[in-house]
There are 2 protein chains.
Amino acid sequence: MVSIRDVARLAGVSVTTVSRVINRRGKTSKATEERVWRAIEVLQYRPNLLARGLRSQKTRLLGLLVPDIDSPFFARLARYIEEAAYQRGYNLILCNVGEDPKKERHYLEVLLQRQVEGIIFPRVSDESLLFRIPSLSRVPYVVLDRTLEHEEAPTVKLDNLAAGALAASHLLELGHKKFACISGPQKITVCRERLEGFLARLAQEGIPSHDVLVVEGDFKIEGGRKAMETILSLSSPPFALFCMNDMMAFGAIQVAKERGWRVPEDISVIGLDNNPLCEVFSPPLTTVAQPFDRIAKEGIALLCKLIEKKKIRKKSITVPPYLIVRQSTAPFQEQ
Amino acid sequence: MVSIRDVARLAGVSVTTVSRVINRRGKTSKATEERVWRAIEVLQYRPNLLARGLRSQKTRLLGLLVPDIDSPFFARLARYIEEAAYQRGYNLILCNVGEDPKKERHYLEVLLQRQVEGIIFPRVSDESLLFRIPSLSRVPYVVLDRTLEHEEAPTVKLDNLAAGALAASHLLELGHKKFACISGPQKITVCRERLEGFLARLAQEGIPSHDVLVVEGDFKIEGGRKAMETILSLSSPPFALFCMNDMMAFGAIQVAKERGWRVPEDISVIGLDNNPLCEVFSPPLTTVAQPFDRIAKEGIALLCKLIEKKKIRKKSITVPPYLIVRQSTAPFQEQ
DNA sequence: CTCAAGAAGGAAAACGTTTTCGAGGTACTC
DNA sequence: GAGTACCTCGAAAACGTTTTCCTTCTTGAG
């Protein structure tokens, strides 16, 4: 391994000077800089980042703690997080925690041991765990896509109230009168917010909340199927359905078709997320899109500010959703 | 920051002893061990992994260099890679390189600077780049899902010949006589292998290769669409279609339906990968499944052996595909 | 000419571990 | 009783950087 000492020797300067040249800090003459760079080039020298991190306390390392990288949602988010981190010169340690609280706790410890400068949580699974780790208070973190009960937690997420309202508005504009909703787990704050936005918008048009059939799902295809079965056993088309993510919408539509209902003629369905498969599904799914790129970008930006101990204007950021109309929603028609 | 020195002081032993206890190497009496562990507990001491890595040359860090984490294929693979790495006590640095050779090169350098013990490449984009980095020769690596031209490169991948044959067998058993294939880019070795397996199996039944319509796609939905348009302009149903991944099959089926053809009645379609969305697609897609879990597991196992400089039996491993029959394939019927 | 200030660069400490080497003690063998 | 093996443990070096502190030299002002 070629070290900074070898560079110093070849360039005929001290180790200190080499370090100064590399880090562009302190004064060095043009001539020495030239010699140092040439020596680096000749020896193909690359600084050892472990040593640098150890000494300088700056590792340029971030932890990415994600529930399930093998889900379109998180994979998408991870991609943009990586992009934003890369642009700022940070590397990411990938921690896929699944449903395993032990693994989550373990990873949290390991990240701290690795001296990460910050941690980004796309949806933390168990927030109480988070704050039970004492040393965590020393490293900045940002939570994406989830509202934490914890008072001061910095978060970046969709404007979920607006998202619910957007879905409602679209369905109302199409003339629908009867509504159902497949929600995510209600213990998750974002789901409650989406529902609130949806119902509030309907209420504005004189549709009372107790007229809207709300069934809880699990954000997965299978949960969407089950929820749709419940809905169809309690109510009959035509109606308009808002699913709190696209996966559940896929499951729900599948069940509807199996039962002989047509989408969108009998049932209009709108999803949420804008999963890339919306386009290829049949019918292509109308959805409330999340701007994943902005969420990730704002998240990393916020985290960096926290790391640099800058003044923060707002510790919680919401980004607006937007509507993508495809073919799973259609004007209401009397049957 | 509480360091090993603090632990030593509190336990009334030397730093050496604390290190010995933690790493379970060398002899220590039960009594001292007890005292050390208690001190660690009291102080909530956690070793600094940077320092450990610097001194011991063992970072327990792996690089994961992936073309696009936001693709179902790689996300799935990444998930199982993470799982396998986690079980062996390794952490992963996530490098998403996209189509950007500069980024790939940069990440390769950074990984080496971070002293990773190995690198795992699910499909390396440009292999020549790989071997142009001189220092890379010092760190072990494994390539997944791609055959490299480079002589000795350790790889783990699907048995692509078998995969192609499996698709052919299934379609033959259904009685089909006319075949088409949407391939991935032919410059990729795995695609050539799949095609070879497919055509060889057909040839066994007396169907000559030049009777099979092969169109090249790009592994994406849009590529599947375009390829299908070409196929339908050159040939007319009924026929059986083998797509080299599921995404292209989705696109192809979409086009077929738009043109008024029925799947599977007019066109039987079989995909490859077993994307989770096969189930929810309509019709649910018959496919040749890749055992992602095994590929990832064998890949990490191989990498670990290389790191530990163990004797390797085989540097290249192939794992068998398996067939999942759903509803996009049906017995051939005269129209 | 003197003096102060600044530019350029070096020696050594420091970061927090592991590892090497060796010291001291105890138990066992002959 | 001497020699030896083994167990237990500590001092100090080492890993490859950055950072602190200091020295030397040059320049310009008065």
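Note that the coordinates shown come from a computational prediction; the quantities given were computed from them, not determined experimentally. Proteins get letters first, then strands, A, B, ... in listed order; numbering begins at 1 in each.
Between A:Ser29 and C:dA8 there is no side-chain polar atom (N or O) within less than 4.0 angstrom of OP1 or OP2. Between A:Thr32 and C:dG9, a side-chain N or O to OP1/OP2 separation shorter than 4.0 Å is present.
C:dG16 atom P lies 8 Å from atom CD of A:Gln115, rounded to whole Å. Going from atom CG of A:Leu54 over to atom P of C:dA14 covers 14 Å, rounded to whole Å. Taking atom CG of A:Asp6 as the reference point, atom P of D:dC15 lies 11 Å away to the nearest angstrom. Between B:Gln113 atom CD and D:dT17 atom C1' there is a gap of 12 Å when expressed in whole angstrom units. Distance CZ (B:Arg114) to P (D:dG16): 17 Å, rounded to an integer number of Å. Rounded to whole Å, atom P of C:dT17 lies 18 Å from atom CZ of B:Arg60. We find that CZ of B:Arg52 is positioned 19 Å from P of D:dC15, with the value rounded to whole Å. In this structure, A:Leu112 places its CG atom 15 Å from P of C:dG16, rounding to the nearest Å.
Between the side chain of B:Asp6 and the main chain of B:Ser3, a donor-acceptor pair closer than 3.5 Å is present. Formation of a donor-acceptor pair under 3.5 Å by the A:Asp100 side chain with backbone atoms of A:Lys102 is found in this model.
For the side-chain hydrogen bond (donor to acceptor under 3.5 Å, both in side chains) test with A:Arg114, the passing option among B:Thr59, B:Asn91, B:Asn48 is B:Asn91; the others fail.
Considering only the side chain of A:Ser14, C:dG10 comes nearest among C:dT17, C:dG9, C:dG10. Checked against C:dT17, C:dG10, D:dG16, the side chain of B:Ile4 finds its nearest nucleotide in C:dT17. Among the nucleotides D:dG16, C:dG9, C:dT17, the one closest to the side chain of B:Ser3 is C:dT17.
Shortest non-hydrogen contact noted between A:Val18 and A:Ala8 is CG2-CA, 3.7 Å.
In this pair, B:Tyr86 and A:His106 present their aromatic rings perpendicular. The plane angle is above 60°, beyond the 30 to 60° band. The aromatic rings of B:Phe73 and B:Phe292 lie perpendicular to each other, with more than 60° between the two planes, well past the 30° mark.
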For nucleotides 19-28 of chain D, give me one character per nucleotide, 5' to 3': B if any protein heavy atom sits under 4.0 Å from the base, S if the only such contacts are to the sugar-phosphate, - if neither.
BB--------
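Counting non-hydrogen atoms of neighbouring residues, nucleotides and ligands closer than 6.0 angstrom, the NZ atom of B:Lys58 reaches no more than 12 such neighbours.
Checking B:Ala51 against B:Val13, the closest nucleotide of DNA chain D that is more toward the 5' end is the one next to B:Val13. Heavy-atom nearest nucleotides on DNA chain D were determined for B:Thr17 and for A:Met1, and the one closer to the 5' end corresponds to B:Thr17.
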